[in-house]
Asker: 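Questions regarding the structure given below will be posed in turn.
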Amino acid sequence: MISVGPLKKMAPFGRKNLLGIILAGILAGFLPELISAQNSVADTVTQAFFDGIINQGTGNCPGKSFYTRAAFIDAVGSYPEFGTGTSDDSKREIAAFFAHVTHETGFLCKIEEDDGASKDYCDETNTQYPCVAGKAYYGRGPIQLSWNYNYGAAGNSIGFDGLNAPETVATDVTVSFKSALWFWMTNVHSVIGQGFGATIRAINGDIECDGKRPDLVNARVGYYTNYCNQFGVSPGDNLTC
């Protein structure tokens, strides 16, 4: 006959074991999926793919000695939701991101906007992120981050002084890619399921969509479909805005 005493002594140990088993099961179920999602970006954005973009830059291309695939992959680590979903969904989002990057930077050639210093990107009505005297908030980085409110918010999220040191986006390549991914995840990621056209509207719709600049829209679509073809995935519907 088994006594009650030893069973009572063993019960707490048994509960711990049970909790451990449950936790291990949860981790076993979810960790591979998370790791797979992160790895899928690196697997898709190969060095050959990245070089295929940046090597098309012509003339004086400061981006060739600045942008690197390694910095992009490093930056992606801070945005694990980027490129998640099914394999096809992941590839379409990556293709969309690099289509806009290609368009904004001229094949990763530009680090800063042409004649950006002569342009006024200070929204003086924005009191949350007030412009700093002597600082300019023109386009910088892969998505050409612009305006004081974007620099301020991106800086707070990423961890650099976006208002006092906006030039960091053009001097620190990891911050540069993080700024692009921050903008993407904040403004574009949520509409990716609506088609590539929705991403154009989210980035530059006021200037390009609704027949305002069909040439620029078509250029973005061309890059996107090209990258989808390289990834072996359908570009989906609703390509234009």
Side-chain angles (χ1 to χ4, degrees), residues 41 44-45 49-50 52-54 56-57 63 67 72 75-76 79 81-116 119 121 123 137-151 153-154 157 169 176-241:
V41 178
T44 301
V45 184
F49 172 76
F50 192 90
I53 296 175
I54 202 167
Q56 292 188 62
Y67 297 118
F72 168 72
V76 165
Y79 298 92
E81 293 302 312
F82 174 79
T84 55
T86 68
S87 176
D88 285 357
D89 288 341
S90 175
K91 290 175 181 178
R92 275 190 283 266
E93 180 165 16
I94 294 168
F97 176 81
F98 276 98
H100 291 298
V101 166
T102 298
H103 181 81
E104 296 290 337
T105 63
F107 298 98
L108 288 168
C109 186
K110 299 176 185 177
I111 304 174
E112 299 183 304
E113 179 182 359
D114 292 340
D115 300 320
K119 300 173 183 178
Y121 286 99
D123 180 0
Y137 305 101
Y138 55 84
R140 297 180 178 92
I143 290 286
Q144 295 288 281
L145 189 73
S146 306
W147 296 98
N148 50 304
Y149 48 80
N150 281 324
Y151 275 93
S157 176
V169 177
S176 194
F177 272 116
K178 283 184 178 181
S179 76
L181 287 164
W182 169 85
F183 182 88
W184 185 270
M185 298 307 294
T186 302
N187 301 283
V188 187
H189 177 74
S190 63
V191 303
I192 192 71
Q194 299 173 27
F196 183 70
T199 70
I200 302 175
R201 187 173 294 279
I203 290 177
N204 215 23
D206 290 345
I207 296 175
E208 299 180 18
C209 293
D210 304 315
K212 296 172 183 175
R213 289 299 303 271
D215 55 328
L216 300 183
V217 170
N218 290 337
R220 293 180 192 266
V221 173
Y223 297 133
Y224 172 66
T225 55
N226 178 23
Y227 297 153
C228 283
N229 289 337
Q230 290 188 45
F231 296 155
V233 63
S234 165
D237 300 322
N238 303 320
L239 297 183
T240 65
C241 61

Asker: For the side chain of Ser146 and the backbone of Gln144, is there at least one donor-acceptor N/O pair under 3.5 Å apart?
Answerer: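 Judged by distance alone, yes, a pair lies under 3.5 Å.
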Asker: Might you work through the side chain to side chain contact (heavy atoms under 4.5 Å, CB included) test for Thr84 and Val41, ending with a clear yes or no?
Answerer: CA-CA 8 Å; Thr84 55; Val41 178; over 6 Å; no
Asker: Would you compute the distance between atom CZ of Phe231 and atom OG1 of Thr44 and round it to the nearest 0.5 angstrom?
Answerer: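 With rounding to 0.5 Å, CZ (Phe231) is 6.0 Å from OG1 (Thr44).
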Asker: With a 3.5 Å distance limit and no angle check, can you tell me whether Tyr224 reaches the backbone of Pro235 through a side-chain donor-acceptor pair?
Answerer: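 Yes.
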Asker: One pair to check against ring pair (Phe, Tyr, Trp, His ring centres under 6.0 Å): Trp184 and Phe97. What are the steps and the verdict?
Answerer: CA-CA 8 Å; Trp184 185 270; Phe97 176 81; 5.5 Å; yes
Asker: Under 4.5 Å between any side-chain heavy atoms of Val217 and Lys212, yes or no?
Answerer: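 Side-chain contact under 4.5 Å: no.
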Asker: Can you tell me how far apart CD (Gln56) and CZ (Phe107) are? Round to the nearest 0.5 Å.
Answerer: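 One finds 4.5 Å between CD of Gln56 and CZ of Phe107.
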Asker: Spell out, as yes or no, whether a donor-acceptor pair under 3.5 Å connects the side chain of Tyr151 to the backbone of Tyr138.
Answerer: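 Yes: the side chain of Tyr151 pairs with the backbone of Tyr138.
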Asker: Do Ser179 side-chain atoms and Ser176 backbone N/O form a donor-acceptor pair below 3.5 Å?
Answerer: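 It does hold such a pair.
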Asker: Using a strict cut-off of less than 4.0 Å between a Lys/Arg side-chain nitrogen and an Asp/Glu carboxylate oxygen, indicate whether Glu113 and Arg140 qualify as a salt bridge.
Answerer: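 A salt bridge is absent here (no side-chain N lies under 4.0 Å from a carboxylate O).
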Asker: For ring pair (Phe, Tyr, Trp, His ring centres under 6.0 Å), just list the numbers for Tyr149 and Tyr137, CA-CA rounded to whole Å, side-chain angles, deciding distance to a tenth of an Å, and then say yes or no.
Answerer: CA-CA 9 Å; Tyr149 48 80; Tyr137 305 101; 9.7 Å; no
Asker: Just to verify, which of Phe177, Phe196, Phe72 counts as forming a ring-ring contact (aromatic ring centres under 6.0 Å, His included) with Phe98?
Answerer: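 Among Phe177, Phe196, Phe72, the one that satisfies the ring-ring contact (aromatic ring centres under 6.0 Å, His included) with Phe98 is Phe72.
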Asker: With a 4.0 Å cut-off on N to O distance, would you call Glu208 and Arg220 a salt bridge?
Answerer: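 Counted as a salt bridge, because a side-chain N and a carboxylate O are separated by less than 4.0 Å.
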Asker: I'd like to know if the side chain of Asn229 and the backbone of Thr225 have a donor-acceptor N/O pair within less than 3.5 Å.
Answerer: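 Answer holds: yes.
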Asker: For the CG atom of Leu108 and the CD1 atom of Ile53, what is their distance to the nearest 0.5 Å?
Answerer: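 Nearest 0.5 Å value for the CG-CD1 distance: 6.0 Å.
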Asker: Does Ser234 reach the side chain of Cys228, with side-chain heavy atoms less than 4.5 Å apart?
Answerer: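 Not in contact.
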Asker: With a 4.5 Å limit on heavy-atom distance, are the side chains of Glu93 and Thr199 in contact?
Answerer: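 Not in contact.
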Asker: So, Asn148 side chain and Asp123 main chain: donor-acceptor pair closer than 3.5 Å or not?
Answerer: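 Yes; judged by distance alone, with no hydrogens or angles, the pair exists.
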Asker: Can you name the side chain to side chain donor-acceptor pair (under 3.5 Å) partners of Tyr227, sequence neighbours left out?
Answerer: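 Thr102.
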Asker: Report the distance from atom CD1 of Ile143 to atom CD of Glu104, rounding to the nearest 0.5 Å.
Answerer: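 Spacing of CD1 (Ile143) from CD (Glu104) equals 6.0 Å.
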Asker: Atom NE2 in His103, atom CG in Asn204: separation rounded to 0.5 Å?
Answerer: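 Going from NE2 on His103 over to CG on Asn204, the span is 7.5 Å.
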Asker: How far does CD1 of Ile203 sit from SG of Cys241, to the nearest 0.5 angstrom?
Answerer: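 Result: 10.5 Å between the selected atoms.
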Asker: Salt bridge check, Arg92 against Asp89: does any charged N sit closer than 4.0 Å to a carboxylate O?
Answerer: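 Answer for the salt bridge query: yes.
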Asker: Within the distance-only criterion (no hydrogens, no angle test), does the side chain of Thr240 pair as donor or acceptor with the backbone N or O of Gly197 below 3.5 angstrom?
Answerer: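 No; judged by distance alone, with no hydrogens or angles, the pair does not exist.
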Asker: Does a donor on one side chain sit under 3.5 Å from an acceptor on the other, for His189 and Glu81?
Answerer: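 Per modelled atom types, His189 and Glu81 side chains form no pair under 3.5 Å.
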Asker: Hey, is Lys110 close enough to Asp114 for a salt bridge, meaning N to O under 4.0 Å?
Answerer: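 A salt bridge links Lys110 with Asp114.
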